[in-house]
Undergrad: 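Have a look at the structure that comes next, please.
Sequence lines set the chain letters: A, B, ... in the order given, protein chains first and strands last, and positions in each chain run from 1. These numbers come from the heavy atoms of this one structure, side chains and all, not from hydrogens, waters or symmetry mates.
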There are 2 protein chains.
Amino acid sequence: MISDTQKTQAESTAAKIRTLILNGTLQPGQPLRQEALSEQLSVSRTPLRHALQSLAEEGLVETTGYKGARVAELDRGMIDDLFEMRLLLEPLALGSAFPQITKLDLARAEMALDAADAEDEPSRLSALNWDFHHALYRPSNRQTLLRTIAQLNKASALAEVIASSIVARPEKSAAEHRILLQACRDGDEAGAIAALGEHLRLAHRDIRTRKD
Amino acid sequence: MISDTQKTQAESTAAKIRTLILNGTLQPGQPLRQEALSEQLSVSRTPLRHALQSLAEEGLVETTGYKGARVAELDRGMIDDLFEMRLLLEPLALGSAFPQITKLDLARAEMALDAADAEDEPSRLSALNWDFHHALYRPSNRQTLLRTIAQLNKASALAEVIASSIVARPEKSAAEHRILLQACRDGDEAGAIAALGEHLRLAHRDIRTRKD
DNA sequence: GAAATCATAATTGTATCCAATATTGATTTC
DNA sequence: GAAATCAATATTGGATACAATTATGATTTC
């Protein structure tokens with residue numbers, strides 16, 4: 001095998017469970033019984049447990065010793081925290097990346113946006129959303145910063161999915177993304193950072209509104 | 001049992017390994033063979049694997065599928081990222097907490113400082129260091145923010161431990177902590193936040209200098 | 001009838017065994 | 001002699017069996 005990180009069953013089942021959560025098949029607060037899930041996903045309990053641990057440290061699942069795991073319930077405070085942190089960290093990443101963004105990066109970002117326009121499965125939309133942001137941050141080459149930002153994005157993915165059920169929210173999000181992308185194309189760093197901040201603030205506001 | 005989170009072997013072995021890493025028994029880059037470690041810590045490989053996964057998502061261990069885990073090597077970029085993030089997030093936490101900090105919180109913080117003065121085992125010093133910071137941030141009641149800050153602190157713990165071998169660094173750190181604590185006592189929010197920022201900047205500079 | 005107690009079942013965590021992958025070292029081939 | 005090939009070993013990931021813990025429900029006690 002050539003790849004330097006062989007994909008393991010634990011990882012792929014984590015991905016599957018993430019999809020089930022984001023698509024609403026597994027609802028917030030719902031208990032995740034290991035035997036039932038392992039049967040449903042046709043894996044043993046061993047990789048399943050590793051998957052649950054991953055999701056727990058991702059924030060999508062809450063687990064307590066000997067009592068089991070359940071889908072995380074996101075409250076107002078969690079959403080506020082996630083978006084306030086993203087609002088501090090993501091502009092930093094974009095700024096660091098900006099001088100090194102290539103046409104290829106921009107192409108990748110645009111590809112994600114185009115795909116997102118045609119997609120409506122929540123989990124895939126969520127992945128494409130991250131692809132877009134990631135394409136713009138990655139040229140910063142700041143791995144540790146990106147790791148934290150990735151975590152925050154995964155954790156807020158559930159909130160964003162719920163938000164996407166808000167009327168016209170996906171369209172607004174797409175428009176904000178296009179503005180950000182155009183600013184990057186124009187070499188307008190300040191404009192890009194401002195657009196990113198605006199995008200995060202608007203998303204936060206809509207999600208917060210929805211949850212009262 | 002009354003406690004709502006029964007401690008599991010995976011967690012306690014994770015703590016043990018963390019100590020071994022922070023105390024330098026396990027050096028950065030060193031491979032962590034499961035069988036050897038499980039034998040040394042007298043647990044089976046099952047909880048050991050969970051512990052390694054935890055440490056990996058904490059950032060103290062790097063793991064690659066089927067190839068095994070090794071103690072993380074921290075490069076310059078990682079340290080810069082960790083401290084820049086902390087410099088953005090921790091003042092936010094302190095500011096949110098400030099109006100709600102009680103005398104009890106201050107007492108807890110001081111207790112950690114006093115204990116740290118008499119301690120010289122790296123892993124315990126690291127824990128006390130976190131206790132101090134955590135005591136001041138916790139009244140914010142912003143769990144998600146605190147979780148991320150905790151992660152960043154755990155990840156930079158290794159760097160700080162190495163830094164503590166710098167001559168006079170622990171004394172400087174203690175002094176900076178005292179200034180911060182005093183500002184909190186005086187109800188001087190701006191001063192406290194400034195002191196915290198200064199503390200993080202100085203720690204970052206010393207660590208960076210040490211690593212060239 | 002409500003609370004406490006205890007046995008039973010359901011569920012998670014751990015140990016052990018097996019399979020899949022990677023690493024090593026000898027052998028071959030040019 | 002160096003690179004490629006392949007067998008043998010070491011090491012990790014996964015499946016199953018067992019132990020520890022928690023949840024459930026009947027029984028008792030007041």
Undergrad: State whether a side-chain donor-acceptor pair under 3.5 Å links A/S96 with A/R142.
TA: yes

Undergrad: How do A/S42 and A/Y66 order along DNA chain D: which one's closest nucleotide is nearer the 5' end?
TA: A/S42

Undergrad: Whole angstroms only, please: what is the CD-P distance between B/E39 and D/dT12?
TA: 13 Å

Undergrad: Of the nucleotides D/dA23, C/dA15, D/dA15, which has the atom closest to the A/V43 side chain?
TA: D/dA15

Undergrad: Rounded to whole angstrom units, what separation is found between the CZ atom of B/R49 and the C1' atom of C/dT16?
TA: 13 Å

Undergrad: A/Q53 CD to D/dG13 P: how many Å, rounded?
TA: 13 Å

Undergrad: Please report the interatomic distance CD1(B/I101) to OG(B/S140), rounded to the nearest 0.5 Å.
TA: 9.0 Å

Undergrad: Just how far, in rounded Å, is P of C/dA15 from CD of B/Q9?
TA: 5 Å

Undergrad: Scan every strand shown for a Watson-Crick or G-U wobble partner of D/dC30, both distances under 3.5 Å, and answer none if you come up empty.
TA: C/dG1

Undergrad: Nearest-Å distance, NE2 (B/H50) to C1' (D/dG13)?
TA: 12 Å

Undergrad: To the nearest Å, give me how far apart CG (B/L52) and P (D/dT11) are.
TA: 15 Å

Undergrad: Just to confirm, is there a sub-4.0 Å distance from OP1 or OP2 of D/dG13 to any side-chain nitrogen or oxygen of B/Q34?
TA: yes

Undergrad: Tell me the interatomic distance from B/K67, atom NZ, to C/dA20, atom C1', rounded to whole angstroms.
TA: 16 Å

Undergrad: If you find the nucleotide of DNA chain C closest to B/T46 and the one closest to A/E35, which residue's nucleotide is nearer the 5' end?
TA: A/E35

Undergrad: Treating A/N129 as the side-chain partner and A/L125 as the backbone partner, does any N or O pair qualify as donor plus acceptor under 3.5 Å?
TA: no

Undergrad: Under 4.0 Å between any heavy atoms, over every strand shown, what does B/L32 touch: base, sugar-phosphate, or nothing? Just pick one.
TA: sugar-phosphate

Undergrad: Nearest whole Å is fine: how far is D/dT21 P from B/K7 NZ?
TA: 14 Å

Undergrad: When you measure from the side chain of A/R33, which nucleotide among D/dG14, C/dG13, C/dT11 comes out closest?
TA: C/dT11

Undergrad: Can you tell me how the ring of A/H50 sits relative to the ring of B/H50, calling it parallel under 30°, perpendicular over 60° and tilted otherwise?
TA: parallel

Undergrad: For C/dT14 and B/S44 - does any side-chain N or O of the residue sit under 4.0 Å from the phosphate oxygens OP1/OP2?
TA: no

Undergrad: 5'-most contact on DNA chain D: B/R45 or A/R45, nearest heavy atom basis?
TA: B/R45

Undergrad: Less than 6.0 Å separating the ring centroids of B/H204 and B/H199?
TA: no

